[in-house]
There are 2 protein chains.
Amino acid sequence: MDKVLKQRAKATECAPPRDAGPSPVDYGPLKQRLGYVLRRAQVAVFQDFFEAFSEHDLRPAQYSVLTLIEHNPGLPQGRVAEALGIQKTNFVAMIGALKDRDLVRREPSKQDRRIHGLFLTRKGETLMVKLHKSAQDHEMRILKRIGESAYHELFSPLELVAFGKDPG
Amino acid sequence: MDKVLKQRAKATECAPPRDAGPSPVDYGPLKQRLGYVLRRAQVAVFQDFFEAFSEHDLRPAQYSVLTLIEHNPGLPQGRVAEALGIQKTNFVAMIGALKDRDLVRREPSKQDRRIHGLFLTRKGETLMVKLHKSAQDHEMRILKRIGESAYHELFSPLELVAFGKDPG
DNA sequence: TATTGTTATACTCTATAACTATA
DNA sequence: TATAGTTATAGAGTATAACAATA
(Lines give C-alpha, C1' and ligand atoms only; values in the text may rest on other atoms or scores of the structure.)
Protein backbone atom coordinates (compact mmCIF):
# COMPACT_ATOMS: atom_id res chain seq x y z
CA MET A 1 0.00 0.00 0.00
CA ASP A 2 2.73 2.46 1.06
CA LYS A 3 4.74 1.12 -1.84
CA VAL A 4 2.21 2.52 -4.30
CA LEU A 5 2.51 5.95 -2.73
CA LYS A 6 6.30 5.80 -2.89
CA GLN A 7 6.17 4.88 -6.55
CA ARG A 8 3.76 7.70 -7.29
CA ALA A 9 6.11 10.17 -5.58
CA LYS A 10 9.08 8.86 -7.53
CA ALA A 11 7.18 9.16 -10.81
CA THR A 12 6.37 12.76 -9.96
CA GLU A 13 10.05 13.53 -9.25
CA CYS A 14 11.46 12.18 -12.51
CA ALA A 15 8.54 13.51 -14.48
CA PRO A 16 9.08 12.48 -18.14
CA PRO A 17 9.52 8.66 -18.08
CA ARG A 18 5.83 7.74 -17.64
CA ASP A 19 6.87 4.44 -16.10
CA ALA A 20 4.88 4.38 -12.88
CA GLY A 21 5.12 0.98 -11.22
CA PRO A 22 5.02 -2.52 -12.69
CA SER A 23 3.53 -2.95 -16.14
CA PRO A 24 -0.20 -3.51 -15.89
CA VAL A 25 -1.60 -6.96 -16.57
CA ASP A 26 -3.35 -7.57 -19.89
CA TYR A 27 -6.64 -9.36 -19.25
CA GLY A 28 -7.10 -10.20 -22.92
CA PRO A 29 -10.70 -11.15 -23.71
CA LEU A 30 -11.39 -11.95 -20.05
CA LYS A 31 -13.22 -8.71 -19.32
CA GLN A 32 -15.45 -9.41 -22.30
CA ARG A 33 -16.53 -12.68 -20.68
CA LEU A 34 -19.75 -12.06 -18.81
CA GLY A 35 -19.12 -15.00 -16.49
CA TYR A 36 -15.75 -13.65 -15.43
CA VAL A 37 -16.90 -10.12 -14.68
CA LEU A 38 -20.02 -11.47 -13.01
CA ARG A 39 -17.96 -13.70 -10.78
CA ARG A 40 -15.56 -10.97 -9.74
CA ALA A 41 -18.46 -8.61 -9.07
CA GLN A 42 -20.25 -11.21 -6.98
CA VAL A 43 -17.14 -11.85 -4.91
CA ALA A 44 -16.64 -8.12 -4.33
CA VAL A 45 -20.23 -7.63 -3.16
CA PHE A 46 -20.20 -10.75 -0.99
CA GLN A 47 -17.04 -9.53 0.70
CA ASP A 48 -18.79 -6.40 1.96
CA PHE A 49 -21.88 -8.42 2.88
CA PHE A 50 -19.81 -10.98 4.71
CA GLU A 51 -18.03 -8.36 6.82
CA ALA A 52 -21.29 -6.59 7.59
CA PHE A 53 -22.99 -9.82 8.68
CA SER A 54 -20.08 -11.21 10.68
CA GLU A 55 -21.46 -9.38 13.69
CA HIS A 56 -24.54 -11.63 13.40
CA ASP A 57 -22.43 -14.67 12.53
CA LEU A 58 -24.54 -15.23 9.41
CA ARG A 59 -23.56 -16.08 5.85
CA PRO A 60 -25.28 -14.71 2.75
CA ALA A 61 -27.06 -18.01 2.05
CA GLN A 62 -28.41 -18.09 5.59
CA TYR A 63 -29.81 -14.60 5.21
CA SER A 64 -31.57 -15.68 2.01
CA VAL A 65 -33.07 -18.73 3.75
CA LEU A 66 -34.35 -16.70 6.69
CA THR A 67 -35.80 -14.04 4.39
CA LEU A 68 -37.65 -16.62 2.31
CA ILE A 69 -39.11 -18.30 5.39
CA GLU A 70 -40.09 -14.92 6.79
CA HIS A 71 -42.11 -14.14 3.67
CA ASN A 72 -43.49 -17.66 3.18
CA PRO A 73 -44.17 -19.06 6.64
CA GLY A 74 -44.98 -22.76 6.59
CA LEU A 75 -43.49 -23.39 3.17
CA PRO A 76 -42.20 -26.98 2.90
CA GLN A 77 -38.48 -27.39 3.36
CA GLY A 78 -38.02 -28.73 -0.15
CA ARG A 79 -39.76 -25.77 -1.76
CA VAL A 80 -37.66 -23.26 0.16
CA ALA A 81 -34.53 -25.04 -1.01
CA GLU A 82 -35.76 -25.22 -4.60
CA ALA A 83 -36.69 -21.52 -4.70
CA LEU A 84 -33.18 -20.61 -3.58
CA GLY A 85 -31.46 -23.02 -5.96
CA ILE A 86 -30.13 -25.14 -3.11
CA GLN A 87 -30.26 -28.92 -3.32
CA LYS A 88 -32.54 -30.48 -0.72
CA THR A 89 -29.72 -32.74 0.39
CA ASN A 90 -27.47 -29.79 1.23
CA PHE A 91 -30.34 -27.90 2.75
CA VAL A 92 -30.74 -30.30 5.67
CA ALA A 93 -27.61 -29.15 7.50
CA MET A 94 -28.37 -25.49 6.77
CA ILE A 95 -31.79 -25.72 8.41
CA GLY A 96 -30.25 -27.77 11.19
CA ALA A 97 -27.84 -24.97 12.03
CA LEU A 98 -30.58 -22.34 12.02
CA LYS A 99 -32.77 -24.58 14.15
CA ASP A 100 -29.93 -25.17 16.63
CA ARG A 101 -29.67 -21.39 16.96
CA ASP A 102 -33.41 -21.23 17.62
CA LEU A 103 -34.04 -18.99 14.60
CA VAL A 104 -36.15 -21.49 12.64
CA ARG A 105 -38.81 -24.01 13.61
CA ARG A 106 -39.96 -27.07 11.62
CA GLU A 107 -43.61 -28.13 11.80
CA PRO A 108 -44.80 -31.42 10.25
CA SER A 109 -47.98 -31.04 8.19
CA LYS A 110 -51.07 -32.83 9.53
CA GLN A 111 -52.39 -33.65 6.06
CA ASP A 112 -49.11 -35.08 4.77
CA ARG A 113 -46.67 -36.03 7.45
CA ARG A 114 -43.79 -36.18 4.98
CA ILE A 115 -43.90 -32.42 4.67
CA HIS A 116 -42.14 -30.17 7.17
CA GLY A 117 -43.18 -26.53 6.98
CA LEU A 118 -40.62 -23.94 8.03
CA PHE A 119 -41.32 -20.98 10.29
CA LEU A 120 -39.28 -18.31 12.00
CA THR A 121 -39.21 -18.47 15.76
CA ARG A 122 -39.87 -15.33 17.81
CA LYS A 123 -36.12 -14.94 18.13
CA GLY A 124 -35.80 -15.37 14.37
CA GLU A 125 -38.44 -12.72 13.67
CA THR A 126 -36.76 -10.30 16.02
CA LEU A 127 -33.39 -10.89 14.43
CA MET A 128 -34.76 -10.25 10.93
CA VAL A 129 -35.35 -6.61 11.76
CA LYS A 130 -31.64 -6.13 12.45
CA LEU A 131 -30.64 -8.26 9.47
CA HIS A 132 -32.71 -6.28 6.99
CA LYS A 133 -31.22 -3.10 8.38
CA SER A 134 -27.68 -4.44 7.96
CA ALA A 135 -28.56 -5.64 4.46
CA GLN A 136 -29.95 -2.25 3.51
CA ASP A 137 -26.85 -0.47 4.84
CA HIS A 138 -24.79 -2.86 2.79
CA GLU A 139 -26.79 -2.05 -0.36
CA MET A 140 -26.24 1.65 0.23
CA ARG A 141 -22.49 1.14 0.54
CA ILE A 142 -22.42 -0.64 -2.81
CA LEU A 143 -24.61 2.04 -4.35
CA LYS A 144 -22.32 4.79 -3.10
CA ARG A 145 -19.28 2.91 -4.35
CA ILE A 146 -20.47 2.53 -7.94
CA GLY A 147 -22.94 5.37 -8.25
CA GLU A 148 -26.72 5.42 -8.31
CA SER A 149 -27.17 4.97 -12.05
CA ALA A 150 -24.82 1.99 -12.36
CA TYR A 151 -26.51 0.41 -9.35
CA HIS A 152 -30.00 0.71 -10.77
CA GLU A 153 -28.97 -0.35 -14.26
CA LEU A 154 -27.90 -3.72 -12.93
CA PHE A 155 -31.03 -5.30 -11.53
CA SER A 156 -33.20 -5.74 -14.60
CA PRO A 157 -30.62 -7.42 -16.85
CA LEU A 158 -29.24 -9.45 -13.94
CA GLU A 159 -32.66 -10.91 -13.14
CA LEU A 160 -32.99 -11.80 -16.78
CA VAL A 161 -29.73 -13.74 -16.57
CA ALA A 162 -30.53 -15.31 -13.21
CA PHE A 163 -34.20 -16.20 -13.57
CA GLY A 164 -34.89 -15.84 -17.26
CA LYS A 165 -37.53 -13.20 -16.87
CA ASP A 166 -37.93 -9.50 -16.17
CA PRO A 167 -38.17 -8.22 -12.58
CA GLY A 168 -41.91 -9.08 -12.24
CA MET B 1 -40.90 -30.94 -16.10
CA ASP B 2 -43.87 -32.93 -17.49
CA LYS B 3 -45.73 -31.96 -14.38
CA VAL B 4 -45.68 -28.31 -15.38
CA LEU B 5 -47.22 -29.15 -18.72
CA LYS B 6 -49.95 -31.21 -17.02
CA GLN B 7 -50.74 -28.34 -14.68
CA ARG B 8 -50.94 -25.93 -17.61
CA ALA B 9 -53.33 -28.27 -19.40
CA LYS B 10 -55.50 -28.62 -16.32
CA ALA B 11 -55.63 -24.87 -15.82
CA THR B 12 -56.75 -24.47 -19.42
CA GLU B 13 -59.54 -27.03 -18.90
CA CYS B 14 -61.12 -25.44 -15.83
CA ALA B 15 -60.61 -21.94 -17.14
CA PRO B 16 -62.01 -19.50 -14.50
CA PRO B 17 -60.23 -20.44 -11.22
CA ARG B 18 -56.93 -18.74 -12.04
CA ASP B 19 -55.21 -21.20 -9.72
CA ALA B 20 -52.47 -22.58 -11.97
CA GLY B 21 -50.15 -24.74 -9.91
CA PRO B 22 -48.69 -24.13 -6.47
CA SER B 23 -48.74 -20.58 -5.14
CA PRO B 24 -45.59 -18.75 -6.21
CA VAL B 25 -42.87 -18.10 -3.67
CA ASP B 26 -42.50 -14.56 -2.30
CA TYR B 27 -38.85 -13.55 -2.41
CA GLY B 28 -39.44 -10.52 -0.20
CA PRO B 29 -36.56 -8.03 -0.45
CA LEU B 30 -34.22 -10.72 -1.81
CA LYS B 31 -34.47 -9.62 -5.42
CA GLN B 32 -33.58 -6.09 -4.32
CA ARG B 33 -30.31 -7.42 -2.89
CA LEU B 34 -27.61 -6.94 -5.49
CA GLY B 35 -25.52 -9.74 -4.01
CA TYR B 36 -28.32 -12.24 -4.29
CA VAL B 37 -29.23 -11.48 -7.89
CA LEU B 38 -25.55 -11.29 -8.78
CA ARG B 39 -24.91 -14.69 -7.25
CA ARG B 40 -27.83 -16.36 -9.01
CA ALA B 41 -26.82 -14.77 -12.31
CA GLN B 42 -23.23 -15.91 -11.91
CA VAL B 43 -24.33 -19.47 -11.17
CA ALA B 44 -26.61 -19.49 -14.22
CA VAL B 45 -23.84 -18.27 -16.54
CA PHE B 46 -21.24 -20.62 -15.06
CA GLN B 47 -23.59 -23.55 -15.62
CA ASP B 48 -23.62 -22.93 -19.37
CA PHE B 49 -19.88 -22.29 -19.38
CA PHE B 50 -19.22 -25.44 -17.42
CA GLU B 51 -21.21 -27.61 -19.82
CA ALA B 52 -19.55 -26.02 -22.83
CA PHE B 53 -16.05 -26.55 -21.40
CA SER B 54 -16.61 -30.08 -20.13
CA GLU B 55 -15.50 -31.32 -23.54
CA HIS B 56 -12.10 -29.78 -22.78
CA ASP B 57 -12.24 -30.88 -19.15
CA LEU B 58 -11.58 -27.31 -18.03
CA ARG B 59 -13.17 -25.21 -15.32
CA PRO B 60 -13.88 -21.47 -15.58
CA ALA B 61 -10.98 -20.54 -13.32
CA GLN B 62 -8.58 -22.61 -15.42
CA TYR B 63 -9.71 -20.82 -18.56
CA SER B 64 -9.02 -17.49 -16.88
CA VAL B 65 -5.53 -18.61 -15.83
CA LEU B 66 -4.62 -19.83 -19.31
CA THR B 67 -5.96 -16.63 -20.90
CA LEU B 68 -3.94 -14.43 -18.57
CA ILE B 69 -0.75 -16.36 -19.22
CA GLU B 70 -1.42 -16.26 -22.96
CA HIS B 71 -1.60 -12.47 -22.86
CA ASN B 72 1.24 -11.97 -20.35
CA PRO B 73 3.85 -14.62 -21.11
CA GLY B 74 6.53 -14.83 -18.44
CA LEU B 75 4.50 -13.09 -15.77
CA PRO B 76 5.51 -14.31 -12.29
CA GLN B 77 3.18 -16.89 -10.78
CA GLY B 78 2.25 -14.65 -7.89
CA ARG B 79 1.24 -11.77 -10.15
CA VAL B 80 -0.97 -14.00 -12.25
CA ALA B 81 -2.70 -15.22 -9.11
CA GLU B 82 -3.07 -11.69 -7.76
CA ALA B 83 -4.54 -10.35 -11.01
CA LEU B 84 -7.18 -13.07 -10.94
CA GLY B 85 -7.99 -12.62 -7.26
CA ILE B 86 -6.66 -16.07 -6.40
CA GLN B 87 -4.51 -16.57 -3.32
CA LYS B 88 -0.99 -17.64 -4.14
CA THR B 89 -1.34 -20.59 -1.81
CA ASN B 90 -4.32 -21.97 -3.73
CA PHE B 91 -2.71 -21.17 -7.04
CA VAL B 92 0.07 -23.72 -6.62
CA ALA B 93 -2.17 -26.76 -7.21
CA MET B 94 -3.95 -25.01 -10.09
CA ILE B 95 -0.70 -24.42 -11.95
CA GLY B 96 0.41 -27.92 -11.05
CA ALA B 97 -2.63 -29.42 -12.76
CA LEU B 98 -2.12 -27.32 -15.89
CA LYS B 99 1.56 -28.22 -15.94
CA ASP B 100 0.78 -31.92 -15.55
CA ARG B 101 -1.43 -31.62 -18.63
CA ASP B 102 1.43 -29.96 -20.48
CA LEU B 103 -0.53 -26.75 -21.07
CA VAL B 104 1.68 -24.47 -18.96
CA ARG B 105 5.41 -24.21 -18.41
CA ARG B 106 7.24 -22.57 -15.47
CA GLU B 107 10.56 -20.84 -16.08
CA PRO B 108 12.71 -19.57 -13.17
CA SER B 109 14.04 -16.05 -13.70
CA LYS B 110 17.80 -15.72 -14.08
CA GLN B 111 17.94 -12.36 -12.29
CA ASP B 112 15.90 -13.52 -9.29
CA ARG B 113 15.63 -17.25 -8.89
CA ARG B 114 12.69 -16.94 -6.51
CA ILE B 115 10.50 -15.86 -9.41
CA HIS B 116 8.89 -18.38 -11.71
CA GLY B 117 7.51 -16.93 -14.94
CA LEU B 118 4.55 -18.72 -16.51
CA PHE B 119 4.26 -19.53 -20.21
CA LEU B 120 1.91 -21.54 -22.37
CA THR B 121 3.38 -24.62 -23.99
CA ARG B 122 2.85 -25.25 -27.71
CA LYS B 123 0.03 -27.57 -26.75
CA GLY B 124 -1.40 -24.85 -24.53
CA GLU B 125 -1.26 -22.26 -27.27
CA THR B 126 -2.96 -24.61 -29.70
CA LEU B 127 -5.69 -25.39 -27.20
CA MET B 128 -6.40 -21.69 -26.59
CA VAL B 129 -7.74 -21.31 -30.11
CA LYS B 130 -10.43 -23.88 -29.41
CA LEU B 131 -11.08 -22.50 -25.93
CA HIS B 132 -11.65 -18.95 -27.13
CA LYS B 133 -14.02 -20.29 -29.75
CA SER B 134 -15.99 -22.25 -27.14
CA ALA B 135 -16.00 -19.19 -24.88
CA GLN B 136 -17.29 -16.98 -27.67
CA ASP B 137 -20.06 -19.48 -28.53
CA HIS B 138 -20.97 -19.47 -24.85
CA GLU B 139 -21.16 -15.66 -24.81
CA MET B 140 -23.46 -15.72 -27.82
CA ARG B 141 -25.78 -18.22 -26.14
CA ILE B 142 -26.11 -15.94 -23.12
CA LEU B 143 -26.62 -12.93 -25.37
CA LYS B 144 -29.39 -14.71 -27.27
CA ARG B 145 -31.01 -15.83 -24.03
CA ILE B 146 -31.29 -12.36 -22.48
CA GLY B 147 -31.24 -10.13 -25.56
CA GLU B 148 -28.54 -7.91 -26.99
CA SER B 149 -29.39 -4.76 -25.06
CA ALA B 150 -29.51 -6.45 -21.64
CA TYR B 151 -26.24 -8.18 -22.43
CA HIS B 152 -24.41 -5.00 -23.34
CA GLU B 153 -25.88 -3.01 -20.45
CA LEU B 154 -24.22 -5.33 -17.98
CA PHE B 155 -20.50 -4.97 -18.59
CA SER B 156 -19.85 -1.37 -17.62
CA PRO B 157 -21.62 -1.38 -14.24
CA LEU B 158 -20.36 -4.89 -13.46
CA GLU B 159 -16.74 -3.83 -13.99
CA LEU B 160 -17.36 -0.93 -11.68
CA VAL B 161 -18.55 -3.35 -9.00
CA ALA B 162 -15.80 -5.88 -9.63
CA PHE B 163 -12.75 -3.65 -10.16
CA GLY B 164 -13.87 -0.26 -8.97
CA LYS B 165 -13.32 1.50 -12.26
CA ASP B 166 -14.89 1.89 -15.69
CA PRO B 167 -14.04 -0.59 -18.49
CA GLY B 168 -10.82 1.20 -19.40
C1' DT C 1 -44.59 -46.65 -7.05
C1' DA C 2 -43.54 -41.70 -6.10
C1' DT C 3 -42.36 -38.01 -2.87
C1' DT C 4 -40.19 -35.65 1.40
C1' DG C 5 -36.60 -35.52 3.91
C1' DT C 6 -32.30 -37.81 5.51
C1' DT C 7 -27.41 -39.75 5.78
C1' DA C 8 -22.98 -40.59 3.97
C1' DT C 9 -19.56 -39.21 1.02
C1' DA C 10 -16.49 -36.96 -2.16
C1' DC C 11 -14.74 -33.16 -4.70
C1' DT C 12 -13.97 -28.25 -5.33
C1' DC C 13 -13.12 -23.68 -3.45
C1' DT C 14 -11.33 -20.80 -0.09
C1' DA C 15 -8.61 -19.35 4.04
C1' DT C 16 -4.66 -19.57 7.51
C1' DA C 17 -0.26 -20.84 9.41
C1' DA C 18 4.14 -22.44 8.89
C1' DC C 19 7.75 -23.60 6.02
C1' DT C 20 11.93 -23.23 1.95
C1' DA C 21 14.85 -20.86 -0.89
C1' DT C 22 16.26 -17.01 -2.35
C1' DA C 23 17.25 -11.92 -2.03
C1' DT D 1 14.56 -8.99 7.22
C1' DA D 2 11.48 -9.43 3.22
C1' DT D 3 9.71 -11.85 -0.85
C1' DA D 4 8.19 -15.92 -4.11
C1' DG D 5 6.63 -19.99 -3.87
C1' DT D 6 5.27 -24.22 -1.19
C1' DT D 7 2.94 -27.53 2.06
C1' DA D 8 -0.55 -28.95 5.20
C1' DT D 9 -4.92 -28.37 6.78
C1' DA D 10 -9.54 -26.97 7.83
C1' DG D 11 -13.97 -25.01 6.51
C1' DA D 12 -17.52 -23.94 3.23
C1' DG D 13 -20.11 -25.11 -1.01
C1' DT D 14 -21.82 -28.46 -4.08
C1' DA D 15 -22.81 -33.04 -6.22
C1' DT D 16 -24.47 -38.13 -6.24
C1' DA D 17 -26.25 -42.47 -4.37
C1' DA D 18 -28.78 -44.85 -1.15
C1' DC D 19 -32.06 -44.88 2.44
C1' DA D 20 -36.59 -44.22 5.79
C1' DA D 21 -41.05 -42.68 6.33
C1' DT D 22 -45.11 -41.57 4.22
C1' DA D 23 -48.42 -41.15 0.51
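All values below were derived from every heavy atom in this structure, side-chain atoms included, with hydrogens, water molecules and symmetry-related copies excluded. Remember, it's a predicted structure, so these values are computed and weren't measured experimentally. A, B, ... follow the sequence lines: proteins, then strands. Residue 1 opens every chain.
One finds a salt bridge joining E107(B) and R105(B) here, because a Lys/Arg side-chain nitrogen approaches an Asp/Glu carboxylate oxygen to under 4.0 Å.
Rounded to whole angstrom, the span from the CZ atom of R106(A) across to the P atom of dT4(C) amounts to 14 Å. The interatomic distance linking F46(A) (CZ) with dA12(D) (P) rounds to 16 Å, in whole Å. Separating the OH atom of Y63(B) from the C1' atom of dT12(C) is a distance of 21 Å, rounded to the nearest angstrom. A straight line from CZ of F91(B) to C1' of dA15(C) spans 17 Å, rounded to a whole angstrom. Put simply, NE2 on H116(B) is 10 Å from C1' on dT6(D), counting in whole angstrom units.
Listed for the Q42(A) side chain is no donor-acceptor partner under 3.5 Å among the backbone atoms of Q42(B).
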Shorter than 3.5 Å, N or O on both sides, protein versus nucleotides 13-16 of chain D: list them out with atom names.
| from | atom 1 | to | atom 2 | distance (Å) |
| --- | --- | --- | --- | --- |
| dT14(D) | OP1 | R39(B) | NH2 | 2.5 |
| dA15(D) | OP2 | Q87(A) | NE2 | 3.2 |
| dA15(D) | O5' | Q87(A) | NE2 | 3.4 |
| dA15(D) | N7 | N90(A) | OD1 | 3.3 |
| dA15(D) | N7 | N90(A) | ND2 | 3.0 |
| dA15(D) | N6 | N90(A) | OD1 | 2.7 |
| dT16(D) | O4 | T89(A) | OG1 | 3.0 |

**Study point:** Contact letters for nucleotides 18-23 of chain D, in which S counts primed atoms plus P, OP1 and OP2 and B counts the base, heavy atoms under 4.0 Å
**Key:** ---BBS

Without placing hydrogens or testing angles, list every side-chain donor-acceptor pair under 3.5 Å for residues 63-73 of chain A, not counting sequence neighbours.
| from | atom 1 | to | atom 2 | distance (Å) |
| --- | --- | --- | --- | --- |
| Y63(A) | OH | H132(A) | ND1 | 2.8 |
| Y63(A) | OH | R33(B) | NE | 3.1 |
| Y63(A) | OH | R33(B) | NH2 | 3.4 |
| S64(A) | OG | A61(A) | O | 2.7 |
| T67(A) | OG1 | Y63(A) | O | 2.8 |
| E70(A) | OE1 | H132(A) | NE2 | 2.7 |
| H71(A) | ND1 | T67(A) | O | 3.1 |
| N72(A) | OD1 | D26(B) | N | 2.8 |
| N72(A) | ND2 | L68(A) | O | 2.9 |
| N72(A) | ND2 | D26(B) | O | 2.6 |

Point to revise | Derivation of the side-chain hydrogen bond (donor to acceptor under 3.5 Å, both in side chains) call for E139(B) and Y151(B) | key: CA-CA 9 Å; E139(B) 292 298 320; Y151(B) 181 85; 2.4 Å; yes

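Judged by a 6.0 Å distance limit and a 45° cone about the ring axis, K31(B) is positioned over the six-membered ring of Y27(B).
You'll find that the side chain of I115(A) is closest to dT4(C), out of dT4(C), dT6(C), dA4(D).
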